[in-house]
Protein chains: 2
Amino acid sequence: MAREYYTITELTREFDISTRTLRFYEDEGLIQPLRRGRTRLFRPSDRHLVKQIMRGKRLGFSINEIREIIKMYDEPPGEAGQLRLLIKRIEEKRSDLRQKRRDLEETLAELDQAEESCVERLAELGVNT
Amino acid sequence: MAREYYTITELTREFDISTRTLRFYEDEGLIQPLRRGRTRLFRPSDRHLVKQIMRGKRLGFSINEIREIIKMYDEPPGEAGQLRLLIKRIEEKRSDLRQKRRDLEETLAELDQAEESCVERLAELGVNT
DNA sequence: GCTGCGATTGACTTTTACGTAAATGCCGTG
DNA sequence: CACGGCATTTACGTAAAAGTCAATCGCAGC
């Protein structure tokens with residue numbers, strides 16, 4: 001079954017980050033772990049947030065952008081106008097991500113090219129030696 | 001036909017960056033435009049490099065990572081050992097990019113989810129009002 | 001009660017990736 | 001030729017995202 005709570009060091013190990021980083025994310029309001037005394041207790045939901053943060057980081061989003069994205073996963077607002085605004089912002093993020101996907105595919109294609117050149121070059125060398 | 005040379009401001013407009021940024025990339029050795037006197041002349045190849053740099057940036061690569069990637073597109077080295085090393089490093093970058101692609105798809109999926117919730121919520125509201 | 005370990009807070013430092021300002025060069029036009 | 005406009009260099013500044021360090025706390029085991 002899923003764990004009750006995680007300690008800060010458990011999460012630092014799992015995600016290969018420092019305690020300082022997790023505390024920084026808390027200061028930034030990205031996560032709000034519970035406390036027993038002064039010790040942080042990370043719930044599975046906190047852990048999932050950290051996972052989302054790390055994903056965002058790998059994709060090159062800033063803390064502010066990650067904050068925005070995470071907020072989008074929250075309960076949707078009750079008012080129609082707010083909802084439409086949120087949908088618009090979600091669509092913006094998605095088009096941002098689709099741009100990233102194009103960038104990614106192009107970069108992968110160029111790396112494929114580069115590797116092929118290397119392999120060819122290596123084959124030539126193999127013949128001559 | 002393709003342009004001979006681009007001025008610095010042409011490129012700043014095309015890529016929506018500052019002259020400072022282009023000079024910074026030159027300081028960092030990412031590009032080496034020609035000179036007429038002290039004025040920089042950007043060749044199509046320089047322009048293509050800038051394009052690659054911007055792609056790397058959008059994907060969250062640091063200047064150093066971008067430098068590494070760009071070097072991989074250069075002429076492959078002549079020595080077999082070097083070639084094998086380069087191939088290994090290219091493969092590492094590709095697995096890096098594939099991780100980013102997974103991150104990207106997961107984030108897109110979660111945003112889809114979020115948008116769906118919004119649309120549903122909006123439909124409910126539409127019924128009740 | 002002491003020791004050691006892990007956790008906490010707070011303050012200060014560092015790195016990256018530029019921004020900004022000041023002073024100056026170059027050059028085409030009226 | 002002087003002016004506007006773009007370009008250059010040098011120098012210093014800054015925001016984001018942590019890293020590092022020091023002092024302290026709480027608790028388990030001896």
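Chain letters run A, B, ... following the sequence lines, proteins first, then strands; residues in each count from 1.
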Could you give the [atom1]-to-[atom2] distance, from [X] to [N], as a whole number of Å?
{"X": "B:Leu30", "N": "C:dT16", "atom1": "CG", "atom2": "P", "answer": "13 Å"}
{"X": "B:Arg40", "N": "D:dC6", "atom1": "CZ", "atom2": "P", "answer": "17 Å"}
{"X": "A:Phe42", "N": "C:dG6", "atom1": "CZ", "atom2": "P", "answer": "17 Å"}
{"X": "B:Ile66", "N": "C:dC18", "atom1": "CD1", "atom2": "P", "answer": "8 Å"}
{"X": "A:Asn64", "N": "D:dA17", "atom1": "CG", "atom2": "P", "answer": "7 Å"}
{"X": "A:Arg35", "N": "C:dG6", "atom1": "CZ", "atom2": "P", "answer": "19 Å"}
{"X": "A:Ile31", "N": "D:dA18", "atom1": "CD1", "atom2": "C1'", "answer": "14 Å"}

Practice problem: List in numerical order all residues of residues 48-63 of chain A for which some heavy atom is under 4.0 Å away from an atom belonging to DNA chain D. | Solution: A:Lys57, A:Ser62, A:Ile63
Provide a list of protein-nucleic acid N or O atom pairs under 3.5 angstrom, restricted to nucleotides 24-27 of chain C.
none

Practice problem: Name all residues meeting the salt bridge (Lys or Arg N to Asp or Glu O under 4.0 Å) criterion together with A:Arg55; count only those two or more places apart in sequence or in a different chain, and write none if there are none. | Solution: B:Glu106, B:Glu110
Practice problem: Return the residues of residues 15-29 of chain B meeting this criterion: a heavy atom under 4.0 Å from some atom of DNA chain C. Order them by number, or give none. | Solution: B:Ser18, B:Arg20, B:Thr21, B:Phe24, B:Tyr25
Exercise. Could you walk me through whether B:Phe61 and B:Lys100 pass side-chain contact (heavy atoms from CB on, under 4.5 Å), step by step?
Key: CA-CA 11 Å; B:Phe61 287 113; B:Lys100 275 188 206 289; 3.5 Å; yes
Under the side-chain hydrogen bond (donor to acceptor under 3.5 Å, both in side chains) rule, collect the residues that match up with [X], sequence neighbours excluded.
{"X": "B:Thr9", "result": "B:Thr7"}
{"X": "A:Arg102", "result": "A:Gln99"}
{"X": "A:Thr21", "result": "A:Ser18"}

Exercise. Decide, yes or no, whether a salt bridge links B:Asp46 with B:Arg43 under the criterion of side-chain N to carboxylate O below 4.0 Å.
Key: yes
Please identify each residue that fulfils side chain to side chain contact (heavy atoms under 4.5 Å, CB included) with [X], with sequence neighbours left out.
{"X": "A:Leu108", "answer": "A:Leu104, A:Glu105, B:Arg94, B:Leu97, B:Arg101"}
{"X": "B:Leu49", "answer": "B:Ile31, B:Gln52, B:Ile70"}
{"X": "B:Leu41", "answer": "B:Tyr5, B:Leu34, B:Arg36"}
{"X": "B:Ser62", "answer": "B:Asn64, B:Glu65"}

Quiz item: How would you label the contact of A:Arg36 with the nucleic acid (heavy atoms, under 4.0 Å): base, sugar-phosphate, or nothing?
Solution: nothing
Quiz prompt | Pair listing, salt bridge (charged side-chain N to carboxylate O under 4.0 Å, His left out) test, anchored in residues 20-31 of chain B, at least two apart | solution = B:Glu26-B:Arg35, B:Glu26-B:Arg40, B:Glu28-B:Arg67
